[in-house]
Amino acid sequence: QVQLVESGGGLVPAGDSLRLSCTASGRFFSTYGMSWFRQAPGKEREFVAGISWMGGGTSYADSVKGRCAISRDNAKTTVYLHMTSLKSEDTAVYYCAATQYHTGNYYGRKTFDGIEYWGKGTLVTVSS
């Protein structure tokens, strides 16, 4: 069993930067592909970024490419999402997700049935 706890959300002005963290409890963190998703009010949950369990390959949604960086620290069982040049449209609840032996890449997917664990989310509000 893996539990994921997100932190780092808050209210930030447009153009600012923010780093979200997701810390996992449980064993074998390094075997999990980790992903960040977000869900804005009235919208469907969407993929933001992913990092593979092996080799650390990363993937990003087009809407955040060039503005976000996902990284992981297996010793700390934590995955990060560093966001820069924040826009009002980045306002959403951000969720961390884990899938074992996976790339973490859900680009273009509308359903996320393969994800094994979800965090409860952290709210990011970008003021314009």
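Grouped by direct or indirect side-chain proximity (heavy atoms under 4.5 Å, Ile/Leu/Val/Met/Phe/Trp/Tyr only), W53 sits with M54, Y101.
The two residues A24 and F29 make their nearest non-hydrogen contact at CB-CD1, 3.5 Å. Closest approach of L86 and S17 over heavy atoms only: CD1-C, 4.1 Å. Listed here is the closest heavy atom pair of Y32 and A98: CD2-CB, 3.8 Å. Closest approach of L4 and C22 over heavy atoms only: CB-SG, 3.9 Å.
With sequence neighbours left out, F28 forms a ring pair (Phe, Tyr, Trp, His ring centres under 6.0 Å) with no residue at all. Listed by chain and number, the residues in a side chain to side chain contact (heavy atoms under 4.5 Å, CB included) with D113 are T111 (sequence neighbours excluded). Legend: residues meeting salt bridge (Lys or Arg N to Asp or Glu O under 4.0 Å) with K43, ordered by chain and number and at least two apart, are absent. Take A49 and apply the side chain to side chain contact (heavy atoms under 4.5 Å, CB included) test, not counting sequence neighbours, and it matches Y60, I70, L81. Residues satisfying the side chain to side chain contact (heavy atoms under 4.5 Å, CB included) test with S25, not counting sequence neighbours, are Q3.
Applying the salt bridge (Lys or Arg N to Asp or Glu O under 4.0 Å) test to residues at least two apart or on different chains, the pairs with a partner in residues 57-69 are D62-K65, R67-D90. Residue pairs satisfying the ring pair (Phe, Tyr, Trp, His ring centres under 6.0 Å) criterion with at least one member in residues 76-96, sequence neighbours excluded, are absent. Screening residues 70-79 for side-chain hydrogen bond (donor to acceptor under 3.5 Å, both in side chains) gives T23-T78, R72-N74 as the qualifying pairs, with residues at least two apart or on separate chains. For the disulfide bond (SG atoms under 2.5 Å apart) condition, no pair includes a residue of residues 59-89, sequence neighbours left out. Sorted by first then second residue, the salt bridge (Lys or Arg N to Asp or Glu O under 4.0 Å) pairs that include residues 9-27, not counting sequence neighbours, number zero.
Connection of V93 to V48 is not established within any shared hydrophobic cluster, with ILVMFWY side chains joined at heavy-atom distances below 4.5 Å, either directly or through further cluster members. By the criterion of side-chain heavy atoms lying less than 4.5 angstrom apart, applied directly or through intervening Ile, Leu, Val, Met, Phe, Trp or Tyr residues, F37 is not grouped with M34; the two fall into different hydrophobic clusters.
Distance check, rounded to the nearest 0.5 Å: CD1 of I51 to CH2 of W36 gives 12.0 Å. From R45, atom CZ reaches atom CD1 of I115 across 8.5 Å, with rounding to the nearest 0.5 Å.
Without hydrogens or angle criteria, E6 side chain to C96 main chain gives a donor-acceptor distance under 3.5 Å.
Counting heavy atoms from C-beta on, the side chains of V64 and M83 never come closer than 4.5 Å.
With 3.5 Å as the limit, one finds no donor-acceptor pair spanning the side chains of E116 and T99.
Taking the six-membered ring wherever Trp is involved, the centroid distance between the rings of F47 and F112 does not fall below 6.0 Å.
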Would you give me the side-chain donor-acceptor pairs under 3.5 Å for residues 118-128, sequence neighbours excluded?
residue : atom : partner : partner atom : Å
T122    : OG1  : G9      : N            : 3.1
S127    : OG   : V12     : O            : 3.4

For this session: Take S59 and Y107 through the side-chain contact (heavy atoms from CB on, under 4.5 Å) test and state the conclusion after the steps.
Result: CA-CA 7 Å; S59 52; Y107 179 89; 5.6 Å; no
Exercise. How far apart are the C-alpha atoms of R38 and S63, what are their side-chain angles, what is the distance that settles it, and do they pass the side-chain contact (heavy atoms from CB on, under 4.5 Å) test?
Worked result: CA-CA 12 Å; R38 67 185 181 186; S63 58; 3.4 Å; yes
